[in-house]
Chemist: 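My questions will all concern the structure given below.
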Amino acid sequence: MTRTAERRPVTKPAAHPVPAPPPAGGRRRRRLADQARAYAFLLGGLLCFALFSWYPAVRAVVIAFQKYTPGSSPEWVGTANFTRVLHDPEFSAAWRNTVTFTALALLIGFAIPFLLALVLNELRHAKAFFRVVVYLPVMIPPVVSALLWKWFYDPGTGLANETLRFLHLPTSNWSNGTGTALVSLVIVATWANTGGTVLIYLAALQSIPGELYEAAELDGANLLQRVRHVTVPQTRFVILMLMLLQVIATMQVFTEPFVITGGGPENATVTVLYLIYKYAFLYNDFGGACALSVMLLVLLGAISAGYLRLTRSEGDA
């Protein structure tokens with residue numbers, strides 16, 4: 001006679017109690033603590049901006065309405081500084097040269113980085129090497145770069161004219177000629193700043209899905225059609241932003257005319273920023289320098305606001 005095994009009741013493990021959600025006040029305090037910690041980390045950067053960017057900008061606006069020279073107490077003169085600057089013979093030449101420089105920089109220096117990025121994006125070998133070669137001018141200090149180009153442009157023994165003589169071609173005055181000086185500076189600025197722009201374009205190009213190019217090729221699109229209908233629309237935002245940044249940067253050109261030409265010959269390369277330098281450190285007229293700075297600030301602010309509004313309205317359409 002077999003004995004049946006006694007069945008033991010199966011006991012289920014006790015369920016862990018679900019913790020009650022923290023009270024709303026605790027969550028709020030934790031969130032405030034996290035925000036306070038984040039702002040504490042940002043405090044150093046905010047102080048640097050306030051001390052070295054915001055305070056000088058506000059101070060410059062105040063000095064623009066004062067007669068201010070080092071060692072003397074400032075005196076409020078209203079808009080006299082603006083009136084004096086507007087009647088300066090160099091004022092119109094500086095603005096004309098600055099606008100011309102900006103237009104030439106957009107014409108010469110805006111298409112070249114995009115084309116270089118397209119070429120680098122199509123390379124299959126030695127991509128890293130050519131990226132370094134393109135970016136190398138950016139790593140050279142601006143003053144050193146300007147000094148190298150000053151020697152390169154020397155009409156006597158400079159490498160530019162020596163090369164032209166070797167090729168039996170007519171030489172040029174380059175930065176010493178009134179008709180060629182500004183174009184020579186545009187070439188210098190383009191060479192020095194192309195590398196960074198190329199890398200930004202290259203990153204934008206590599207983010208374009210390959211399926212779009214494959215679809216365009218299946219539809220029979222050639223290289224130019226793929227660039228026009230795929231590349232440009234996909235990188236439109238980057239192109240527009242870099243165009244705005246280039247306008248702002250070229251309107252503030254200073255290093256090239258200061259180091260290479262000194263504003264000459266015959267004020268052919270005097271820019272607004274170089275004229276601000278002359279007012280402040282050669283004429284000892286800080287009120288006039290700040291008045292010019294305010295004019296440039298207002299113009300660049302208006303250009304930026306109008307440009308962003310135009311591009312936003314086009315994007316919404």
Side-chain angles (χ1 to χ4, degrees), residues 45 48 52-53 98 101-154 158-160 162-163 174-175 182-210 212-213 223-224 226-228 230-261 269 271 273 300 304 307:
C48 288
F52 298 108
S53 295
T98 302
F101 185 95
T102 301
L104 291 175
L106 286 176
L107 183 64
I108 298 174
F110 191 74
I112 291 177
F114 189 73
L115 295 176
L116 286 175
L118 289 175
V119 173
L120 289 178
N121 193 47
E122 295 296 327
L123 290 178
R124 294 293 179 264
H125 304 285
K127 274 189 175 183
F129 171 76
F130 286 107
R131 288 176 188 172
V132 172
V133 170
V134 170
Y135 193 73
L136 185 62
V138 181
M139 296 185 284
I140 301 176
V143 175
V144 176
S145 174
L147 289 173
L148 289 173
W149 279 91
K150 185 177 182 179
W151 166 79
F152 182 83
Y153 282 144
D154 187 278
L159 183 61
E162 288 294 333
T163 304
W174 299 106
S175 59
L182 201 61
V183 178
S184 301
L185 297 188
V186 172
I187 295 174
V188 176
T190 302
W191 176 84
N193 299 296
T194 293
T197 308
V198 168
L199 292 186
I200 296 175
Y201 278 137
L202 191 59
L205 292 175
Q206 292 179 349
S207 66
I208 301 176
L212 297 178
Y213 289 109
L223 177 60
L224 293 179
R226 293 197 298 271
V227 170
R228 178 183 176 184
V230 178
T231 305
V232 173
Q234 291 294 317
T235 58
R236 178 176 176 272
F237 176 77
V238 176
I239 292 174
L240 293 177
M241 289 306 301
L242 286 178
M243 183 180 294
L244 175 60
L245 294 176
Q246 185 169 350
V247 169
I248 294 174
T250 52
M251 289 288 289
Q252 301 178 73
V253 60
F254 172 75
T255 304
E256 289 81 8
F258 177 75
V259 176
I260 299 177
T261 62
T269 57
T271 60
L273 218 63
L300 292 180
S304 302
Y307 187 84

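What you see is a predicted model, and the numbers here were worked out from it, not measured in a lab.
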Chemist: Apply side chain to side chain contact (heavy atoms under 4.5 Å, CB included) to the pair Phe258 and Val143, showing each step before the final yes or no.
Modeler: CA-CA 9 Å; Phe258 177 75; Val143 175; over 6 Å; no
Chemist: Using 0.5 Å steps for rounding, measure from the CZ atom of Arg131 to the CG atom of Leu123.
Modeler: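 These two atoms lie 9.0 Å from each other.
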Chemist: What pair of heavy atoms forms the shortest contact from Ala192 to Val138, and how long is it?
Modeler: O-CG2, 3.6 Å
Chemist: Which heavy atom of Thr269 sits nearest a heavy atom of Pro257, and at what distance?
Modeler: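 So the two residues come closest at O-CB, 3.3 Å.
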Chemist: Let me confirm one number: the OG1-CD1 distance from Thr235 to Ile200, rounded to the nearest 0.5 Å.
Modeler: 12.5 Å
Chemist: Distance from Ser184 atom OG to Leu182 atom CG, nearest 0.5 Å?
Modeler: 8.5 Å
Chemist: Report the residue from Val259, Thr271, Leu104, Thr261 that forms a side chain to side chain contact (heavy atoms under 4.5 Å, CB included) with Leu185.
Modeler: Thr261
Chemist: Kindly indicate, with the supporting measurements, whether the criterion side chain to side chain contact (heavy atoms under 4.5 Å, CB included) is fulfilled by Phe130 and Val119.
Modeler: CA-CA 10 Å; Phe130 286 107; Val119 173; over 6 Å; no
Chemist: Kindly assign one of parallel, tilted or perpendicular to the pair Trp191 and Trp149, based on the angle between their ring planes and the thresholds 30° and 60°.
Modeler: perpendicular
Chemist: Over all heavy atoms of both residues, which pair between Ile260 and Ala146 is shortest? Give the atoms and the distance, please.
Modeler: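 For Ile260 and Ala146, the tightest heavy-atom pair comes out as CG1-O, 3.5 Å.
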Chemist: Can you find a pair of side-chain heavy atoms, one from Tyr213 and one from Val230, that are under 4.5 Å apart?
Modeler: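 Heavy-atom side-chain distance check passes, below 4.5 Å.
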Chemist: Any side-chain heavy atom of Thr197 sitting closer than 4.5 Å to one from Phe114?
Modeler: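 A side-chain contact under 4.5 Å is absent here.
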Chemist: Please answer whether the main-chain N or O of Leu199 pairs with a side-chain N or O of Tyr135 as donor and acceptor at a distance below 3.5 Å.
Modeler: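 No: the side chain of Tyr135 does not pair with the backbone of Leu199.
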Chemist: Of the non-hydrogen atoms in Pro233 and Arg228, which two are nearest, and what is the gap between them?
Modeler: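 Heavy atoms only, the tightest pair is CD-O, 3.2 Å.
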Chemist: Minimum heavy-atom separation for Ala189 to Asn193, with atom names?
Modeler: O-ND2, 2.8 Å
Chemist: Within this structure, what is the CG-OH distance for the pair Leu300 and Tyr307, rounded to the nearest 0.5 Å?
Modeler: 14.0 Å
Chemist: Pairs of donor and acceptor atoms involving the side chains of residues 240-255, under 3.5 Å and at least two apart or interchain, shall be tabulated with distances.
Modeler:
{"unit_1": "Gln246", "atom_1": "NE2", "unit_2": "Ala105", "atom_2": "O", "d": "3.0"}
{"unit_1": "Thr250", "atom_1": "OG1", "unit_2": "Thr102", "atom_2": "OG1", "d": "3.4"}
{"unit_1": "Thr250", "atom_1": "OG1", "unit_2": "Gln246", "atom_2": "O", "d": "2.7"}
{"unit_1": "Thr250", "atom_1": "OG1", "unit_2": "Val247", "atom_2": "O", "d": "3.2"}
{"unit_1": "Gln252", "atom_1": "NE2", "unit_2": "Ile248", "atom_2": "O", "d": "3.1"}

Chemist: Going through the distances and angles, do Asp154 and Trp174 end up as a side chain to side chain contact (heavy atoms under 4.5 Å, CB included)?
Modeler: CA-CA 8 Å; Asp154 187 278; Trp174 299 106; over 6 Å; no
Chemist: Can you check whether Ile187 reaches Thr190 side chain to side chain, under 4.5 Å on heavy atoms?
Modeler: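 In short, these two side chains do not touch, never coming nearer than 4.5 Å.
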Chemist: How close do Ser175 and Tyr153 get, counting heavy atoms only, and between which atoms?
Modeler: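 Between these two residues, the closest heavy atoms are OG-CB, 3.7 Å.
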